[in-house]
Amino acid sequence: HGLFDKAYESYKAALAMDPDNITVLAGLVRNASNLTRYDEAETYCQKVLKLEPNEAEMLYYQAWLDVKLRKDYAAAHAAIDRAIAVSFEKKPYFMQTKGLFFVDEKRDEEAVAIFRAALAEADKAQLPDKARALLKLDLYKNLGRACRRLGREDEAKEALTKAFGLANGLSIPFSPD
């Protein structure tokens, strides 16, 4: 935690000088989250969203905090849907998060649909090749898991085979679990 603690204290000092600085507040959200200070992260996140209601990354954090702090999936879906609507470059990442919320809620049919949609968005997004491959690797793994939970073994095997191929191409270890 050492680096996060130092960064957190630096952001706190900067905030004292400029209490409405969105960059500083967002840094506090990230660092408080990394330090598992979720209540503090949410306080700063809500302040950012009051200043900039369509700040996509903070909408993502708010969704994540809604689940982490309260298991409030309705609020989480509302926040992540707003993030998806206002962000082009991170849209497939935010869609993946929505899919993971569906998985947590045991809504596997919806998870499968959003993971497939996120894969299509990943192909359209302006991403470096390696970032796109890593994102698609995660999406195919999550798709495979959701298909497996639905008893769709053929679809699960197809998705996990694609994930394995991406991992192999990136020279990283692969585990379907």
Side-chain angles (χ1 to χ4, degrees), residues 4 7 11 14 18 20-34 38 41-70 72-105 107-147 155 158-160 162-167 169-170 172 174:
F4 290 122
Y11 280 118
D18 189 358
D20 289 337
N21 185 308
I22 290 175
T23 302
V24 171
L25 288 162
L28 282 164
V29 172
R30 286 185 217 98
N31 279 278
S33 295
N34 286 325
Y38 302 123
E42 184 169 49
T43 297
Y44 296 124
C45 189
Q46 289 175 352
K47 187 163 183 182
V48 171
L49 292 172
K50 282 181 185 166
L51 296 167
E52 183 58 56
N54 289 324
E55 209 305 315
E57 182 185 11
M58 292 301 108
L59 288 165
Y60 159 80
Y61 271 98
Q62 185 60 60
W64 184 80
L65 289 163
D66 286 334
V67 170
K68 188 76 174 168
L69 291 171
R70 292 175 292 286
D72 186 346
Y73 287 97
H77 282 291
I80 204 69
D81 286 344
R82 280 183 41 217
I84 290 167
V86 300
S87 176
F88 178 73
E89 69 182 54
K90 292 191 176 185
K91 184 175 183 177
Y93 293 100
F94 297 151
M95 293 172 79
Q96 176 173 238
T97 299
K98 184 171 181 69
L100 292 171
F101 292 160
F102 284 142
V103 167
D104 284 351
E105 296 171 278
R107 294 167 61 183
D108 294 312
E109 288 288 349
E110 291 156 294
V112 166
I114 198 79
F115 291 142
R116 290 188 191 283
L119 282 160
E121 287 295 327
D123 286 331
K124 294 187 250 178
Q126 301 293 318
L127 296 170
D129 290 342
K130 186 172 183 177
R132 181 186 327 281
L134 287 167
L135 172 61
K136 290 179 76 169
L137 167 62
D138 282 345
L139 286 165
Y140 278 123
K141 279 178 71 173
N142 289 322
L143 175 61
R145 289 177 188 146
C147 287
E155 290 175 70
E158 179 184 346
L160 293 171
K162 288 180 180 180
F164 177 77
L166 287 164
L170 293 165
I172 58 175
F174 176 77

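Residues: numbered from 1 along the sequence shown. Note that the coordinates shown come from a computational prediction; the quantities given were computed from them, not determined experimentally.
To the nearest 0.5 Å, the span separating CZ on F4 from OG on S33 amounts to 10.0 Å. Atom CD1 of I22 is separated from atom CG of L51 by 5.0 Å, given to the nearest 0.5 angstrom. The NZ atom of K50 lies 15.5 Å from the CE atom of M58; values are rounded to the nearest 0.5 Å. Note that CG of L166 is 9.0 Å distant from CZ of F174, once rounded to the nearest 0.5 Å.
Using modelled atom types, no side-chain atom of E52 and backbone atom of E55 make a donor-acceptor pair closer than 3.5 Å. With R30 contributing its side chain and Y61 its backbone, the two residues share no donor-acceptor pair below 3.5 Å.
Nearest heavy-atom pair, I114 versus M95, reported as atom, atom and distance to 0.1 Å: CG1-O, 3.5 Å. Of all non-hydrogen atoms in D108 and A146, the two that sit nearest each other are CB-O, 4.2 Å. Of all non-hydrogen atoms in A122 and L127, the two that sit nearest each other are O-CD1, 4.4 Å. In terms of heavy atoms, N31 sits closest to Y11 at ND2-CE1, 3.3 Å. Closest approach of L137 and A163 over heavy atoms only: CD1-O, 3.0 Å. Closest approach of P92 to A125, counting heavy atoms only: CG-CB, 4.1 Å.
With sequence neighbours excluded, the residues that form a salt bridge (Lys or Arg N to Asp or Glu O under 4.0 Å) with E155 are R116, R152. Every residue two or more places apart in sequence or in another chain was checked for a ring-ring contact (aromatic ring centres under 6.0 Å, His included) with F88, and none qualifies. Scanning for ring-ring contact (aromatic ring centres under 6.0 Å, His included) contacts around Y73 gives an empty result, with sequence neighbours left out.
Contact annotation: the side chain of L59 approaches that of V86 to within less than 4.5 Å [non-hydrogen atoms, C-beta and beyond]. Side-chain contact check for Q62 versus Q46: some heavy-atom pair is nearer than 4.5 Å. Between V103 and N142, every side-chain heavy-atom pair lies at or beyond the 4.5 Å cut-off. Looking at heavy atoms from C-beta onward, V112 lies in side-chain contact with L143 at the 4.5 angstrom threshold. The closest side-chain heavy-atom distance from L139 to Y93 is not below 4.5 Å. With a 4.5 Å cut-off on side-chain heavy atoms, H77 and F102 count as touching.
By the 30° and 60° cut-offs, the orientation of the rings of Y60 relative to F94 is parallel.
Between D20 and K47 there is a salt bridge, since a side-chain N of the basic residue sits under 4.0 Å from a carboxylate O of the acidic one.
Heavy atoms of other residues, nucleotides or ligands lying less than 6.0 angstrom from CG of D123 number more than 12.
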